[in-house]
Amino acid sequence: MVLVQDRPVLGGNASSEVRLWVLGATSHMGNNNRWAREGGVIDEILVENTYRNPEGNPLLFDALLLEMVAKEPNITLLLNTAVYEAEKKDEETISSVKAVCSQNQTEYVLTAPLFVDASGDGIVGFLAGAAFRMGAERKEEFGELFAPDNTYGELLGHSLYFYSKDVGKPVSYTPPSFALQDITQIPRYRSFNAKDIGCRLWWIEYGGRLDTIHQSEEIKWELWKVVYGVWNYIKNSGEFPEAETLTLEWVGMIPGKRESRRFEGDYMLRQQDIIEQREFEDAVAYGGWSIDLHPADGVFSEKPGCNQWHSKGVYQIPLRCLYSRNISNLFLAGRIISASHVAFGSTRVMGTSACVGQAVGQAAALCKEKSIQPKDIFLKNHLPALQQALLRSGHFIPNVKAIANVGGNLVANASISASSELVLERLQEEGRISLSEAVAQMFPVKKGAAPSIIAHAFSDLPTELEVELRIASSANNFTPKVVLETKKLSLLPGRNCLRFTWEATFESEQYAYLVFHKNDVVQLATTLQRITGILSLFNTVNKAVSNFGRQEPPAGIGIDSFEFWVPKRRPAGENISLHFKPGLAAFGAENIRNGLARPTTAPNAWVAALTDKQPCLHLQWPEKQTVKRIELSFDTDFDHPMETVLMTHPENGMPFCVRAYEVLDENDNLIFQKEGNHQTRNSILLPEAIETTSLKIRLQHPAENIPAALFEVRCYPA
Ligand SMILES: Cc1cc2nc3c(=O)[nH]c(=O)nc-3n(C[C@H](O)[C@H](O)[C@H](O)COP(=O)(O)OP(=O)(O)OC[C@H]3O[C@@H](n4cnc5c(N)ncnc54)[C@H](O)[C@@H]3O)c2cc1C
């Protein structure tokens, strides 16, 4: 495989040249997508980056991407090499592309059976004559009620960021002569923050009314004008005394491009697919960012810099959006996939782009293996093979399960037992949290009666506390919209023991939410115990992303209203101290082959009891098996968004992740040992295949208050 990149480093907008943080279905901005961070390759990258680079240094992220690509023997990387021509062997087939490297004065002719265009502007697709669009669709075309008209604008613009630093002594500043002089042209000038840098300057946007490809250099000059004008105002207007010791450390040379061409596949994703979370037979990826559109006048607009409308949960992306409808051997990845302008408002973010990229990469491998074209995967029934291969690599597709016995996975036929299985009876009391904002505790339930629950509250005054038992509006989301029961409790000053029994029953396995409404005089008992698949949520406000505690879109745009329930940033996220009767038995060893390697409607993990001093999973077969490869999947907290820059991370190894484990054969011989693990997927290739009737996987608890958990185990003879 040849990877061609016209710039000196990898990552596109995520590189140190542009410095955007990678986000996707999980975001610190606040949405109702739980455990939604993308899996597979991007998970490996983000987990590694968070481990090595929790401070979000963009240069370290560049080096990590280069390292990961350089380590792949199958990839030939051509940096500083721009594709500029495509040769076709017939109307619908690309035979080769030409590229030139500015640094070694070499031209490359790259001949291949398949091409993937992930170039942002879609250079290969454009040169090959693939059908594309630029600008917004009319409302009528797909019935998208959120489709903008010309007054709002139909293209998103570019942005340029800057970084400043405090040098500890006064620094004067003389702007270049091209800097914007009249700052009042930027309506936001009254609320500048002198300390904002990088991604927080997303609103320095321009170009949505121009041709964002052919006028890109013009747009960049205008953005430089704005950047230096903003900095001049901060340094020299006298309004920002705190800026006296600040100097500019870096200004973007390459603008971040949001939107240009969108290509047409066999299907175009649209607003309703996102908002209604529609299902597709050929789902291979997913998204979860809001539909995030911006006024085309950008930084010069009086309108809010963005409009973000969310779905209640994540949505599927079908394979038919990931290849060109008229160029038979061209896959699409990144922001150019087949989506309407409105749907693109959500699919364009980098976590989603990476998820799509993984699906396309795997699809290309399948096409090569079977000598077929992208369209044939769907038409000739190769989709199950594609989906299963993706899931095996740690990729997640909402509502698609891995099948245990696919590909010779020996675990499918093993009998499974464990030294212990957590039955969650009590989250022990260790602290308190104020009910100055409403809190919900998520807990997994089975079909049938609700468990009775005891909680403890502390009140300053006699007061009434409202508590609800809620569930999500569908199994596809984590928006706790349905109130099953409401309790109004009279609290006395001091400690109050709150006992809940419920009439309500659950129709299926799912998460329930115990919602404690805001009450400023009340505190709840909390615990520091952290358990895979257990989360507390807060009804938070983040105006920057149109979140006022609720999503309240204007009528007539086809987007729902609902409340936002969001976890606190780690490690602050405490659970509420609760006592369940009967205890929650959702953490059994059988979960390691249930086809789901992250929490969905249940934790989907084997979790050991904390009292178990040597947690051990035991796989047994009636006859000897040949085992060469063992794949384990640990909990690196899919609810934690792992921004690559700027947003620092309080912990580098994820707290739920098992650090140390060992694997033993039928005679208790040690066949593999790991210490210092921080990765989700551990793929162990034994030096020699072994013959055994059993495997024991012994785990260490990650911490005193965090029990060991394992989502998935697979074993293969080769
Ligand atoms: C200001 C701004 C803020 C954003 N905020 C966020 C955010 O907070 N989080 C988030 O996840 N996303 C965000 N996005 C969206 C996201 O950055 C883009 O949608 C995403 O980077 C698109 O990925 P891509 O791979 O399609 O394109 P790119 O990231 O642009 O990558 C395309 C790559 O192809 C290369 N290329 C182009 N032409 C050629 C050629 N002819 N030959 C060889 N190589 C070529 C480019 O150099 C580039 O490296 C934002 C975008 C902008 C501009």
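Remember, it's a predicted structure, so these values are computed and weren't measured experimentally.
- Atom-to-atom distance recorded for S346:OG and L269:CG is 8.0 Å, nearest 0.5 angstrom.
- Nearest approach of V18 to G12, heavy atoms of both residues: CG2-O, 4.0 Å.
- Here E666 pairs with K624 under the salt bridge (charged side-chain N to carboxylate O under 4.0 Å, His left out) rule; sequence neighbours left out.
- With a 4.5 Å cut-off on side-chain heavy atoms, P615 and R698 do not count as touching.
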For this session: Given side-chain hydrogen bond (donor to acceptor under 3.5 Å, both in side chains), test N32 with N477 step by step and report yes or no.
Result: CA-CA 8 Å; N32 286 345; N477 70 58; over 6 Å; no

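- Atom CD1 of residue I75 and atom CE of residue M1 lie 4.0 Å apart, to the nearest 0.5 angstrom.
- Residue pairs meeting the ring-ring contact (aromatic ring centres under 6.0 Å, His included) criterion with at least one member in residues 686-718: none, sequence neighbours excluded.
- The closest side-chain heavy-atom distance from I416 to E590 is below 4.5 Å.
- Closest of all the heavy-atom pairs between V284 and L386 is CG1-CD2, 3.8 Å.
- Closest heavy-atom contact between R34 and P567: NH2-CD, 3.2 Å.
- Smallest separation of non-hydrogen atoms from N31 and A25: ND2-O, 3.1 Å.
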Exercise. Going through the checks in order, is the side chain to side chain contact (heavy atoms under 4.5 Å, CB included) test met by N682 and Y661?
Worked result: CA-CA 11 Å; N682 281 221; Y661 63 87; 2.7 Å; yes

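- Each of L330, I94, N329 was compared with L114 under the side-chain contact (heavy atoms from CB on, under 4.5 Å) criterion, and only N329 meets it.
- When atom types are taken as modelled, the side chain of S119 and the backbone of G122 share a donor-acceptor pair closer than 3.5 angstrom.
- Look at K696 and E662 and you find no salt bridge, because none of the NZ, NE, NH1 or NH2 atoms lies under 4.0 Å from a carboxylate O.
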For this session: Using the salt bridge (Lys or Arg N to Asp or Glu O under 4.0 Å) rule, take R681 and E712 through it: C-alpha gap first, then chi angles, then the decisive distance, then the call.
Result: CA-CA 9 Å; R681 307 283 293 180; E712 189 175 52; 3.0 Å; yes

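- Residues passing the salt bridge (charged side-chain N to carboxylate O under 4.0 Å, His left out) test with R659: none are found, sequence neighbours excluded.
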For this session: Would you check, one step at a time, whether the test side-chain hydrogen bond (donor to acceptor under 3.5 Å, both in side chains) holds for T50 with N652?
Result: CA-CA 5 Å; T50 308; N652 57 355; over 6 Å; no

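- Qualifying salt bridge (charged side-chain N to carboxylate O under 4.0 Å, His left out) partners for D282, counting only residues two or more places apart in sequence or in other chains: R320.
- Within the 3.5 Å criterion, the main-chain N or O of R348 finds no donor-acceptor partner in the side chain of R335.
- Counting only heavy atoms from C-beta outward, the side chains of I534 and P444 approach each other to under 4.5 Å.
- Ring planes of Y511 and W35: tilted class, angle from 30 to 60°.
- At least one side-chain heavy atom of V627 sits less than 4.5 Å from a side-chain heavy atom of T692.
- Screening residues 401-414 for side-chain hydrogen bond (donor to acceptor under 3.5 Å, both in side chains) gives no qualifying pairs among residues at least two apart or on separate chains.
- For the atom pair CZ of R530 and OG of S536, the computed distance is 9.5 Å after rounding to the nearest 0.5 Å.
- Partners of H678 under the ring pair (Phe, Tyr, Trp, His ring centres under 6.0 Å) rule, at least two apart in sequence or in another chain, are Y51.
- A heavy-atom distance below 4.5 Å is not found between the side chains of S338 and F263.
- Atom OG1 of T81 sits about 10.0 Å away from atom CG of L3, to the nearest 0.5 Å.
- For the residue pair T648 / E55, no side-chain donor-acceptor distance below 3.5 Å is found, with atom types taken as modelled.
- A search for side chain to side chain donor-acceptor pair (under 3.5 Å) contacts involving N381 returns nothing, not counting sequence neighbours.
- Between F638 and T680 the shortest side-chain heavy-atom distance falls below 4.5 Å.
- Within the structure, every pair that satisfies the salt bridge (charged side-chain N to carboxylate O under 4.0 Å, His left out) test and touches residues 37-50, not counting sequence neighbours, is listed here: R37-D43, E48-R52.
- Taking all atoms of both residues into account, the shortest heavy-atom contact from T532 to A709 is OG1-CB, 3.2 Å.
- Counting only heavy atoms from C-beta outward, the side chains of V360 and L332 never approach each other to under 4.5 Å.
- Residue pairs that meet the salt bridge (charged side-chain N to carboxylate O under 4.0 Å, His left out) test with at least one member in residues 597-618, sequence neighbours left out, do not exist here.
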For this session: Could you give me the CA-CA distance, side-chain angles and deciding distance for N53 and N49, then say whether side-chain hydrogen bond (donor to acceptor under 3.5 Å, both in side chains) is met?
Result: CA-CA 5 Å; N53 179 23; N49 186 58; 3.0 Å; yes

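- Under the 3.5 Å distance criterion, with hydrogens and angles disregarded, a donor-acceptor pair is assigned to the side chains of Y267 and D273.
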Exercise. Which is it for V4 and L110 under the side chain to side chain contact (heavy atoms under 4.5 Å, CB included) test, yes or no, and what are the steps along the way?
Worked result: CA-CA 10 Å; V4 190; L110 305 168; 3.5 Å; yes

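- Note that CG of D635 is 11.0 Å distant from CG of N604, once rounded to the nearest 0.5 Å.
- Rounding to the nearest 0.5 angstrom, the gap separating the CG atom in L66 from the OG atom in S15 is 10.0 Å.
- E509 is linked by a side chain to side chain donor-acceptor pair (under 3.5 Å) to T601, counting only residues two or more places apart in sequence or in another chain.
- Using a 4.5 Å heavy-atom threshold, the side chains of L664 and L695 count as separate.
- In terms of the salt bridge (charged side-chain N to carboxylate O under 4.0 Å, His left out) criterion, D6 has no residue partners (sequence neighbours excluded).
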For this session: Check step by step if side chain to side chain contact (heavy atoms under 4.5 Å, CB included) holds for Q387 and I397.
Result: CA-CA 8 Å; Q387 289 173 327; I397 311 170; 4.1 Å; yes

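- Within the structure, the side-chain hydrogen bond (donor to acceptor under 3.5 Å, both in side chains) test picks out the following pairs touching residues 349-373 (sequence neighbours left out): Q358-S393.
- Nearest heavy atoms, F587 versus I531: CE2-CG2, 4.0 Å.
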Problem set entry | Steps toward side chain to side chain contact (heavy atoms under 4.5 Å, CB included) verdict (S311, Q277) | CA-CA 7 Å; S311 162; Q277 298 180 279; 3.5 Å; yes

For this session: With side-chain hydrogen bond (donor to acceptor under 3.5 Å, both in side chains) as the test, would you mind laying out the steps for N399 and E279 before giving the verdict?
Result: CA-CA 9 Å; N399 298 334; E279 299 219 355; 2.6 Å; yes

